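Before any comments, here is the structure.
Note that this is a predicted model, so its numbers are computed, not measured.
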Amino acid sequence: MKKKKLNLRDLNKTSSDNHKRNAGHNHSSPESIGKFKIYVPAIFSFVMLIIGIAMDYFDVAFFKDWIRIVWYAVAYLPVGFPVIKEGWNSIKNGDFFTEFLLMSIATIGAFAIGEYPEGVAVMLFYAVGELFQSAAVKRAKGSIKALLDVRPNEALVYRNNNYVSVNPEIVAIGEKVQVRVGEKIPLDGILLSEKGSFNTAALTGESKPDTIAKGEKVFAGSINLDGVIEIETTKEFKDSSIARILDMVQNATARKSKTELFIRKFARIYTPIVVFLAIGLTFIPYFFVDDYVFSDWLYRALIFLVISCPCALVISIPLGYFGGLGAASKNGILFKGASYLDEMTKITTVVMDKTGTVTKGVFKIKEINSITFEEADFMKYLMAMEEQSTHPIAKAILEYKADGSDYEATNVSEVAGKGLKGTVNGKTVLVGNKALMTSNNIEVPSETDGIVESIVMVSIDEKFAGYVTIADELKDDAHQAIKQIRDAGISKIIMLSGDKDSITQQVAKELNIDWAKGGLLPEDKLNEVEELKKQPDTKVAFIGDGINDAPVLAASGVGFAMGGLGSDVAIETADVIIQTDQPSKIARAIQIGRSTRKIVWQNIGLAFGVKVIVLILGAGGLATMWEAVFADVGVALLAILNAVRLQTKNYVKM
């Protein structure tokens, strides 16, 4: 059954506006129409209904016959007309059995047999339910709306010796863009100014300002906090990180969970059955009941229709999943679809990469051991050589601060798989691994054999001069992440890494990981995960950096990528993206998935349970239209309020 969003402003909008809204795009802002105006039809109908009931109760003399009918008709129209209109439009589109048709038949039928207050009440409470739904959806979409609000709408581009304002979508790669204080970065690029401070909260969920230096990457959607800056664009708008993330978030609700798909299919079969049962309930008793009164059995059938309306299911279940997606986005976690919220509840084994997942992926000098030179002088020789290299380890070494004049390396050549050879200060210098030293007959101290970390050895004029150890730092929340994953009930945590096995084992031991294996190529990781999947009752989640781990991310039950802001491959390959690169968000994602599924099933149980009870009472003549209203709209309201809890729930904190 197709569920359209019903808006009580239909009465005040043109047919063109209605067409746009029915297509799923309501562009009317609360500022332009006034928030209160949304509630006017329901308030008007409520006041009219209460006054009418009061006049009925006190048996006011003039409130009889056609005056009474007109009064309740006027009360009915503001809330009833939009529903009848939607039902008629659905019929014209070939969709006969919708909740709009059920509510229209039930309430018009109530008028036909003289139950005017009850007819108005049913439609009024349905309208109130729609308003509650609208408010709940707005709340659930809060964090996603914040994300959508960061979409830049203009860029100040340097063209013809002047800055001109243009749409970001027509800015080319390599153009210079100026961004003033408080404005959004319009496109991905690199910072041309000396430094900048940026608010990336809408992208990462973290409120801490991010300080960027000249030459570093900046991302569209970040807000400039400090001074006028200039950037050089590196991507077109359609390829920027924010545009791709926005597209993913907007399309996430289209990827339905199995539960939601089942309920939709169920509703399409269930609704026509209910209509025919109601018809049968009206006429079949004529053949079996002696004192058959048509209006009595029609009333029971109308009650049956109201009770049977599947509003509670078709509203609350999608809203539950949407609330889960919104809660995740608020926490810097992007699910590619509601189906993955369900998959989160089945995870039994977490497999993770090391570099970039639990470590920062940034090498730092851990220890400097100089034998024949002062440390500063030793490092000048080493740094002169490493300036000729683009290896990440070279970058770590070049961060060392040495006083005095810099040395210059000449005649530098690379020895494949071993290191560098060159001349510094007139001295022959070798920089590399033990194999380089051995092949040049340089004696290496035995103490280096037990070193687990990456090691850079140096010889100067054919004598071993010392070594530097390089290590990747653990992320600040790495220990906490492993503990929280265990607290979430995950029975097995495994680490698979392409780094040296000795380093992998050391990190795994430090983090108390169950089992680890290093020295693996991407295909080796894939084979390990495939073997794990063969074990009974095992659902594997893999956490990687989204680049060389793409095959494993695709093959695992749920693939997590430490996406950060700039990892395009992560956005493409993973099922769930951790925008902040914090592994502790894994446990939070699991908790959000479990909470979402729990609330969805609570809503299903509530809706079916109450409906079955009141259906039986209604068929037996023991329930009135008021009980029917509770069984349908009342249950829908309770289910909506239950789903809203996903937005207010306190999940695992950092």
Side-chain angles (χ1 to χ4, degrees), residues 206 331-333 344 347-367 392 396 450-455 469-520 522 524-525 528-529 531-532 535 538-549 552-553 556-564 567 570 574 576-591 651-654:
E206 299 298 316
N331 283 274
I333 304 165
M344 295 299 300
I347 293 172
T348 60
T349 301
V350 168
V351 181
M352 59 179 62
D353 182 34
K354 179 183 72 69
T355 307
T357 300
V358 294
T359 67
K360 295 179 179 178
V362 179
F363 291 103
K364 298 287 184 182
I365 295 175
K366 184 175 182 180
E367 181 184 1
I451 295 175
V452 174
E453 296 86 0
S454 298
I455 183 170
T469 58
I470 306 292
D472 190 3
E473 289 184 291
L474 286 174
K475 289 184 177 178
D476 297 336
D477 63 333
H479 287 91
Q480 186 180 15
I482 302 301
K483 180 181 182 301
Q484 289 176 351
I485 291 172
R486 290 197 188 282
D487 291 344
I490 301 302
S491 58
K492 187 182 295 183
I493 303 176
I494 295 170
M495 178 178 287
L496 301 176
S497 176
D499 207 345
K500 290 194 307 184
D501 187 61
S502 57
I503 296 176
T504 303
Q505 297 297 341
Q506 183 188 43
V507 172
K509 183 178 180 181
E510 186 175 350
L511 292 176
N512 193 30
I513 288 173
D514 299 320
W515 184 76
K517 191 173 184 179
L520 301 175
D524 298 326
K525 294 182 184 179
E528 292 287 347
V529 169
E531 288 298 316
L532 284 169
Q535 297 178 10
T538 298
K539 184 76 170 182
V540 178
F542 183 83
I543 309 162
D545 60 13
I547 301 173
N548 57 0
D549 293 322
V552 201
L553 286 167
S556 57
V558 180
F560 284 87
M562 293 294 160
S567 181
V576 185
I577 297 167
I578 308 298
Q579 290 180 271
T580 57
D581 276 352
Q582 295 170 300
S584 56
K585 294 290 181 74
I586 303 299
R588 200 173 302 184
I590 294 172
Q591 191 175 9
Y651 298 100
V652 176
K653 294 297 181 183
M654 292 289 295

Sorted by chain and residue number, the salt bridge (charged side-chain N to carboxylate O under 4.0 Å, His left out) partners of D524 (sequence neighbours excluded) come out as none

Sorted by chain and number, sequence neighbours left out, salt bridge (charged side-chain N to carboxylate O under 4.0 Å, His left out) with K492 holds for none

* To do: Kindly indicate whether the side chain of I543, heavy atoms from C-beta on, has any atom under 4.5 Å from the side chain of I578.
  => no

The reported gap from OG1 in T538 to CD in E531 (rounded to nearest 0.5 angstrom) is 12.0 Å

Of all heavy-atom pairs linking K366 and A471, the shortest is CD-CB, 4.1 Å

Which of V576, D353, V351 passes side-chain contact (heavy atoms from CB on, under 4.5 Å) with F560? Answer is V576

Rounding to 0.5 Å, atoms CD1 (I490) and CD1 (I482) come to a distance of 11.0 Å

CG of L520 to CE of M495, rounded to nearest 0.5 Å, is 12.0 Å

For Q484 and A587 the tightest heavy-atom approach is CB-CB, 3.6 Å

Contacts of D487 meeting side chain to side chain donor-acceptor pair (under 3.5 Å) (sequence neighbours excluded), chain-then-number -> K483

>> Between R486 and D514, is there a side-chain heavy-atom distance shorter than 4.5 Å?
In response: yes

- Message: The test is salt bridge (charged side-chain N to carboxylate O under 4.0 Å, His left out); show your working for K364 and E473 and say whether it passes.
- Response: CA-CA 7 Å; K364 298 287 184 182; E473 289 184 291; 5.0 Å; no

When rounded to the nearest 0.5 Å, the distance separating CG of L511 from CD of Q480 is 12.5 Å

**Asked** Are any non-hydrogen side-chain atoms of Q506 and E453 less than 4.5 angstrom apart?
**Response** yes

The side chain to side chain donor-acceptor pair (under 3.5 Å) partners of T359 (sequence neighbours excluded) come to D472

inquiry  = Could you tell me if the side chain of Q582 sits less than 4.5 Å from the side chain of I333, heavy atoms only?
reply    = no

Distance col, row F542:CZ vs T349:OG1, nearest 0.5 angstrom, shows 13.5 Å

Heavy atoms of E528 and K517 approach each other most closely as OE2-NZ, 2.9 Å

Correct closest heavy-atom pair for I577 and A574 would be CG1-CB, 4.3 Å

Heavy-atom nearest pair, T504 first then A516, reads CG2-CB, 4.0 Å

By salt bridge (charged side-chain N to carboxylate O under 4.0 Å, His left out), E510 pairs with (sequence neighbours left out) none

**Prompt:** How far apart are the C-alpha atoms of I365 and I470, what are their side-chain angles, what is the distance that settles it, and do they pass the side chain to side chain contact (heavy atoms under 4.5 Å, CB included) test?
**Reply:** CA-CA 5 Å; I365 295 175; I470 306 292; 3.8 Å; yes

Closest heavy-atom pair, V529 versus L496, reported as atoms and distance to 0.1 Å, is CG2-CD1, 4.3 Å

Q.
Is there a side-chain contact between D477 and K585 in this structure, where contact means two heavy atoms from C-beta onward sitting under 4.5 Å apart?
A. no

field: V358 side chain reached by K475 side chain, heavy atoms, under 4.5 Å
entry: no

The reported gap from CE in M352 to OG1 in T357 (rounded to nearest 0.5 angstrom) is 7.5 Å

Those residues at least two apart in sequence (or on a different chain) that pass salt bridge (charged side-chain N to carboxylate O under 4.0 Å, His left out) with D476 are K360

